[in-house]
Student: 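I'd like to ask some things about the structure below.
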Amino acid sequence: GDAAQRVADLTTMVTSSDRLAHSFATDILVFWGFQGWLVPDDMKRRGWEDKAAEVVARGVPFLGLAWYLYARPPLPEGSE
């Protein structure tokens with residue numbers, strides 16, 4: 001189905017008594033929170049100032065972080 005149908009299905013699963021759906025939704029929220037907290041710190045450590053990259057990495061759960069890990073520059077020499 002389209003995106004609207006998928007969101008409706010997810011909402012139905014989360015509001016039901018399905019414990020697996022609850023844990024899935026909770027995991028997404030927890031990982032998204034850590035992702036939004038850790039990415040800016042890593043960008044500062046690498047000296048990478050790119051607001052668009054930060055918005056994508058922090059705002060898109062899972063896929064944004066996967067893209068960030070692929071696109072980020074290496075650590076500067078001597079900072080390890």
Side-chain angles (χ1 to χ4, degrees):
D2 62 348
Q5 182 61 43
R6 290 178 188 212
V7 169
D9 290 344
L10 178 63
T11 303
T12 301
M13 283 192 303
V14 170
T15 57
S16 71
S17 62
D18 185 4
R19 289 189 293 173
L20 181 63
H22 285 268
S23 71
F24 175 72
T26 302
D27 285 348
I28 286 176
L29 292 174
V30 168
F31 289 132
W32 190 22
F34 276 110
Q35 174 175 324
W37 174 46
L38 295 173
V39 165
D41 183 54
D42 186 62
M43 289 181 83
K44 187 185 338 178
R45 191 175 310 120
R46 294 171 188 280
W48 190 24
E49 295 183 24
D50 184 345
K51 278 296 183 192
E54 184 176 350
V55 167
V56 170
R58 293 177 78 183
V60 180
F62 184 72
L63 294 177
L65 185 59
W67 171 82
Y68 175 77
L69 292 173
Y70 174 76
R72 69 185 182 170
L75 284 169
E77 291 292 321
S79 64
E80 296 178 8

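For the single chain, residues carry numbers from 1 onward in sequence order. Remember, predicted model here, so these are calculated numbers, not experimental data.
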Student: Group every Ile, Leu, Val, Met, Phe, Trp and Tyr by side-chain heavy-atom contacts under 4.5 Å, then state whether W48 and V55 land in the same group.
Tutor: no

Student: For R58 and W32, which heavy atoms make the closest approach, and how far apart are they?
Tutor: O-NE1, 2.8 Å

Student: Return the minimal non-hydrogen interatomic distance between W67 and V56, and the atom names on each side.
Tutor: CE3-CG1, 4.0 Å

Student: What heavy-atom pair brings R45 and L75 nearest, and what distance separates the two atoms?
Tutor: CG-CD2, 3.9 Å

Student: Any side-chain heavy atom of D42 sitting closer than 4.5 Å to one from Y68?
Tutor: yes

Student: Please report the closest heavy-atom contact between E54 and P40, naming both atoms and the distance.
Tutor: OE2-CG, 3.7 Å

Student: Can you tell whether the side chains of R6 and D9 come within less than 4.0 Å, N to carboxylate O?
Tutor: no

Student: Taking atom CD1 of I28 and atom CD of Q35, what is their separation to the nearest 0.5 Å?
Tutor: 11.0 Å

Student: Can you get from V30 to W37 by hopping between Ile, Leu, Val, Met, Phe, Trp and Tyr side chains that sit under 4.5 Å apart?
Tutor: yes

Student: Taking all heavy atoms of M43 and all of A53, pick out the closest pair and write down the distance.
Tutor: CE-CB, 4.4 Å

Student: Just verifying a value: how many Å separate F34 CZ and F31 CZ, rounded to the nearest 0.5 Å?
Tutor: 9.0 Å

